[in-house]
Participant: 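Take this structure first; my questions come after.
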Amino acid sequence: MSEPRIATVRPIPEAEAKGKVADIYRDIKATKKLDRVPNFWRVLATNPDHLEMIWTRLKALMHPEAAGRKTRLDPAMREAIALAVSATNGCAYCINSHTAALRKLGMDPETLGEVLAIAGLFNTTNTLADAYQVEPDILPPVD
């Protein structure tokens, strides 16, 4: 087992949040239907402008319904993409977060394994295609 991670900055506790940070914390909890603000957001809160920028982007893409926007991707598809990218990047925090979100949405362990198997497969095939410098011969249509 690896050593537990320790944040490089002191996370901002909910009880100490003021102004913009307190407003964003409330929005995070309401949008994500959580009873507490996750560590990621509490660490980003050390820079309120950065917290606001990342939360605004994440909310728009991962919770478009909260912004009154329609999307073609359902919540499970968005979370599966996030999980695959997180696994590819090796982000333990994000892997756990998106796995938990997918389980909350009803995804079973076998389906999670399928998502990760596909991500792993394409990490392999992408590496091989890049290493061999394979010239693309199957191109998408141009509209």
Participant: Assess whether side-chain contact (heavy atoms from CB on, under 4.5 Å) is satisfied between Asp35 and Lys29, documenting all intermediate values.
Facilitator: CA-CA 6 Å; Asp35 59 358; Lys29 289 181 1 181; over 6 Å; no
Participant: Is there a side-chain contact between Arg72 and Met77, using heavy atoms and a 4.5 Å cut-off?
Facilitator: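 Sidechains of Met77 and Arg72: no contact.
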Participant: In the single-linkage hydrophobic clustering (I, L, V, M, F, W, Y; side-chain heavy atoms under 4.5 Å), do Ile28 and Val43 co-cluster?
Facilitator: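 Ile28 and Val43: separate clusters.
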Participant: Is the shortest heavy-atom distance from the side chain of His63 to the side chain of Pro75 under 4.5 Å?
Facilitator: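 Not touching, per the 4.5 Å side-chain cut-off.
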Participant: Whether the side chain of Glu14 engages the backbone of Arg36 through a donor-acceptor N/O pair (distance < 3.5 Å, no angle test) should be reported.
Facilitator: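 No; judged by distance alone, with no hydrogens or angles, the pair does not exist.
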Participant: List the steps, then state whether side-chain contact (heavy atoms from CB on, under 4.5 Å) holds for Glu65 with Lys70.
Facilitator: CA-CA 6 Å; Glu65 65 287 345; Lys70 294 193 185 298; over 6 Å; no
Participant: Charged N to carboxylate O below 4.0 Å: is that the case for Asp23 and Arg26?
Facilitator: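 So Asp23 pairs with Arg26 through a salt bridge.
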Participant: Under 4.0 Å between a Lys/Arg side-chain N and an Asp/Glu carboxylate O for Lys59 and Asp27?
Facilitator: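 Between Asp27 and Lys59 there is a salt bridge, with a charged N closer than 4.0 Å to a carboxylate O.
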Participant: Stepwise, does the side-chain contact (heavy atoms from CB on, under 4.5 Å) test hold for Val85 with His98?
Facilitator: CA-CA 10 Å; Val85 172; His98 296 294; over 6 Å; no
Participant: Do you know the tightest heavy-atom contact between Met107 and Val115?
Facilitator: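 So the two residues come closest at SD-CG2, 4.3 Å.
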Participant: Would you say CD1 of Ile6 has more than 12 non-hydrogen atoms from neighbouring residues, nucleotides or ligands within 6.0 angstrom?
Facilitator: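 Open.
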Participant: Count the heavy atoms belonging to other residues, nucleotides or ligands that lie under 6.0 Å from CD of Glu135, then report whether that count exceeds 12.
Facilitator: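 Atom CD in Glu135 is not crowded, with 12 or fewer foreign heavy atoms closer than 6.0 Å.
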Participant: Is a salt bridge present between Glu52 and Arg57, judged by a nitrogen-to-oxygen distance below 4.0 Å?
Facilitator: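 Salt bridge between Glu52 and Arg57, a charged N being under 4.0 Å from a carboxylate O: no.
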Participant: Side chains of Asp108 and Thr111: do they bring a donor and an acceptor to under 3.5 Å?
Facilitator: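 Present: a donor and an acceptor within the cut-off.
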